[in-house]
Amino acid sequence: MTASDPLPGDDNVSPCRLCGEPARHAFNRVILERHDTPYWECSSCGSLQTSPPHWLEEAYAFRGVHIDVEQASRGVRNWICLAHYLRAYGVTRERCLDFGGSSGLLTRLMRDSGFDFYCFDPYEMPRYADYFSVGELQPNEYSVITAFEVFEHFPDPRSDLGRVLQLGADLVVFTTLPYAGQGPDWDYLVPASGQHVFFYTEKALERFGRQFGYTLRKTRAFHLYVRDDGAFAQAGHCVVEIPPASVGALLGATCWDSAATKQDTQYVRDRFLAEIRSGAGKA
């Protein structure tokens, strides 16, 4: 039996796609204005989930951000907070990955701020970081992984979230709104887009992380998976303050000809010119 198979003898029960335990029917919503879809609540880990999402190809066929108009402002907010948090945790030149990095805006801003960031997104070309994107992921290649508003998109979280944690980063920084019994009118379901398909309780996140040697911690801005024996094992123990004056300093140091930006500019210029000369950049 797979996570997509109904449990025999009970149409109101379906296996949880994270922990495999029985999940009971909670309510229905209409997804993409055409798919009447049951949502299920797990009796063990408590997570909420759609039925197996057969509509994902359709959902991702729409170009652009559409109803997610906060994507740009969220990226700037995450950059400001993340730069301060990572410096407070002692991250300097460690290799970092933004998993599900979309346009690459966060990767670009973090590189401008002096961090060695790369972007991975199977659904979108990271146009702000095209020369700093990766198409394949290898274990133990990145010390820090970020995943902002990504986990709720995983159709098979046992496999998909497991894939992220199996990469072996010492620190995983992420955001997702935890499920805590919200009803069918919960804004985070976003059934019109069809892309949010799994909603974790904090208990579920904690349990799942422990299977891979991670402890779940919360900060004011993020959730953290901290590897118990990793280089940043103390991350999240202390409050990281971000004074307003430091935000201006970060903007000033990043957006106007920073040393990191100059270094990347030279790299991408040389690479781009090499592609022109070889003809590799032609459509």
Quiz item: Side chains of Met110 and Leu82: closer than 4.5 Å at any heavy-atom pair?
Solution: yes

Practice problem: Taking all non-hydrogen atoms of both residues into account, name the closest pair between Pro15 and Gln49 and its distance. | Solution: O-OE1, 3.9 Å

Quiz item: Roughly how far apart are Leu109 CG and Thr261 OG1, rounded to 0.5 Å?
Solution: 9.0 Å

Quiz item: If you count the non-hydrogen atoms of other residues, nucleotides and ligands that lie under 6.0 Å from CD in Glu57, is the total more than 12?
Solution: no

Quiz item: Once you round to the nearest 0.5 Å, how far does CD1 of Ile31 lie from NE2 of His54?
Solution: 8.0 Å

Quiz item: Under 6.0 Å between the ring centres of Phe148 and Phe222?
Solution: yes

Quiz item: Are any of the side-chain heavy atoms of Asp170 and Glu94 separated by less than 4.5 Å?
Solution: no

Quiz item: Going by the angle between their ring planes, with limits at 30° and 60°, are Trp55 and His35 parallel, tilted or perpendicular?
Solution: parallel

Practice problem: Look at the side chain of Thr201 and the backbone N and O of Cys45, then say whether any donor-acceptor pair between them is shorter than 3.5 Å. | Solution: yes

Quiz item: What is the distance from atom CG of Asp270 to atom OG1 of Thr265, rounded to the nearest 0.5 Å?
Solution: 10.5 Å

Quiz prompt | Backbone N/O of Asp156 and side chain of Ser159: donor-acceptor pair under 3.5 Å | solution = no

Quiz item: Considering only heavy atoms from C-beta outward, does the side chain of Pro178 approach that of Lys218 to under 4.5 Å?
Solution: no

Quiz item: Is the number of heavy atoms from other residues, nucleotides or ligands under 6.0 Å of Gln263 CD greater than 12?
Solution: no

Self-check item: Cation over ring face, Arg29 and Tyr39, 6.0 Å, 45°
Solution: no

Quiz prompt | Residue pairs involving residues 131-143 (criterion side-chain hydrogen bond (donor to acceptor under 3.5 Å, both in side chains); sequence neighbours excluded) | solution = Tyr131-Glu275

Practice problem: Output, in order, the C-alpha distance, side-chain angles, deciding distance and verdict of salt bridge (Lys or Arg N to Asp or Glu O under 4.0 Å) for Arg220 and Glu241. | Solution: CA-CA 9 Å; Arg220 291 178 178 175; Glu241 298 290 349; 3.4 Å; yes

Practice problem: Could you tell me which non-hydrogen atom of Leu171 sits nearest to which non-hydrogen atom of Ala235, and how far apart they are? | Solution: CD1-CB, 4.0 Å

Practice problem: Side-chain contact test, heavy atoms from C-beta onward, threshold under 4.5 Å: evaluate it for Arg210 versus Thr215 and give yes or no. | Solution: yes

Quiz item: Which pair of heavy atoms, one from Pro126 and one from Cys119, lies closest together, and at what distance?
Solution: CB-SG, 3.6 Å

Exercise. Cation-pi check, Arg108 to Phe117: give yes when NZ or CZ is under 6.0 Å from the six-membered ring centre and within 45° of the ring axis, no otherwise.
Key: no

Exercise. Answer yes if Val91 and Val239 sit in the same cluster of Ile, Leu, Val, Met, Phe, Trp and Tyr residues linked by side chain heavy atoms under 4.5 Å apart, and no otherwise.
Key: no

Quiz prompt | Aromatic plane relationship, His25 with Trp40 - under 30° parallel, 30 to 60° tilted, over 60° perpendicular | solution = perpendicular

Quiz item: Do you see a donor-acceptor pair shorter than 3.5 Å between the side chains of Tyr188 and Gln182?
Solution: no

Practice problem: Starting at SG of Cys19, measure out to CD of Gln211 and round the result to the nearest 0.5 Å. | Solution: 9.5 Å

Practice problem: Answer with yes or no after comparing the ring centroid distance for Phe198 and Tyr200 against a 6.0 Å cut-off, counting only values under it. | Solution: yes

Quiz item: Quick one: does Tyr89's side chain get under 4.5 Å of Val226's, heavy atoms only?
Solution: no

Quiz item: Taking the six-membered ring for Trp, is the centroid-to-centroid distance between Phe232 and Tyr85 below 6.0 Å?
Solution: no

Quiz prompt | Inter-residue atom distance Gln195.CD - His153.NE2, 0.5 Å rounding | solution = 5.5 Å

Self-check item: Between Glu124 and Tyr60: side-chain donor-acceptor atoms closer than 3.5 Å
Solution: no

Quiz prompt | ILVMFWY network linking Val150 to Met125, side-chain heavy atoms under 4.5 angstrom | solution = no

Exercise. Measure the shortest side-chain to side-chain distance between Trp79 and Leu105 over non-hydrogen atoms and say whether it is less than 4.5 angstrom.
Key: no

Quiz item: Are a donor atom and an acceptor atom from the side chains of Asp121 and Ser102 found within less than 3.5 Å of each other?
Solution: no

Quiz item: Any chain of hydrophobic side-chain contacts (each under 4.5 Å) joining Val76 to Ile242?
Solution: yes

Self-check item: Student check: side-chain heavy atoms of Leu137 and Leu97 closer than 4.5 Å
Solution: yes

Practice problem: Provide the closest heavy-atom pair for Thr92 versus Phe115 in the form atom of the first, atom of the second, distance. | Solution: O-CD2, 4.0 Å

Quiz item: Do other residues, nucleotides or ligands put more than 12 heavy atoms under 6.0 Å from the OH atom of Tyr128?
Solution: no

Quiz prompt | Distance (rounded to the nearest 0.5 Å) between Arg17 CZ and Leu161 CG | solution = 13.0 Å

Quiz item: Among Tyr179, Phe199, Phe27, whose side chain to side chain contact (heavy atoms under 4.5 Å, CB included) with Glu41 holds?
Solution: Tyr179

Quiz item: Parallel under 30°, tilted from 30 to 60°, perpendicular over 60°: which one fits the rings of Phe120 and Phe99?
Solution: tilted

Quiz item: Taking atom types as modelled and ignoring hydrogens, do the side chains of Thr175 and Arg74 form a donor-acceptor contact shorter than 3.5 angstrom?
Solution: no

Quiz item: If you look at every heavy atom in Leu56 and Gly194, which pair is closest and at what distance?
Solution: CD2-O, 3.6 Å

Practice problem: Specify the closest pair of heavy atoms between Leu189 and Gly183, including all atoms of both residues, with the distance to one decimal. | Solution: CD1-O, 4.0 Å

Quiz prompt | Any side-chain heavy-atom pair of Phe174 and Val164 under 4.5 Å | solution = no

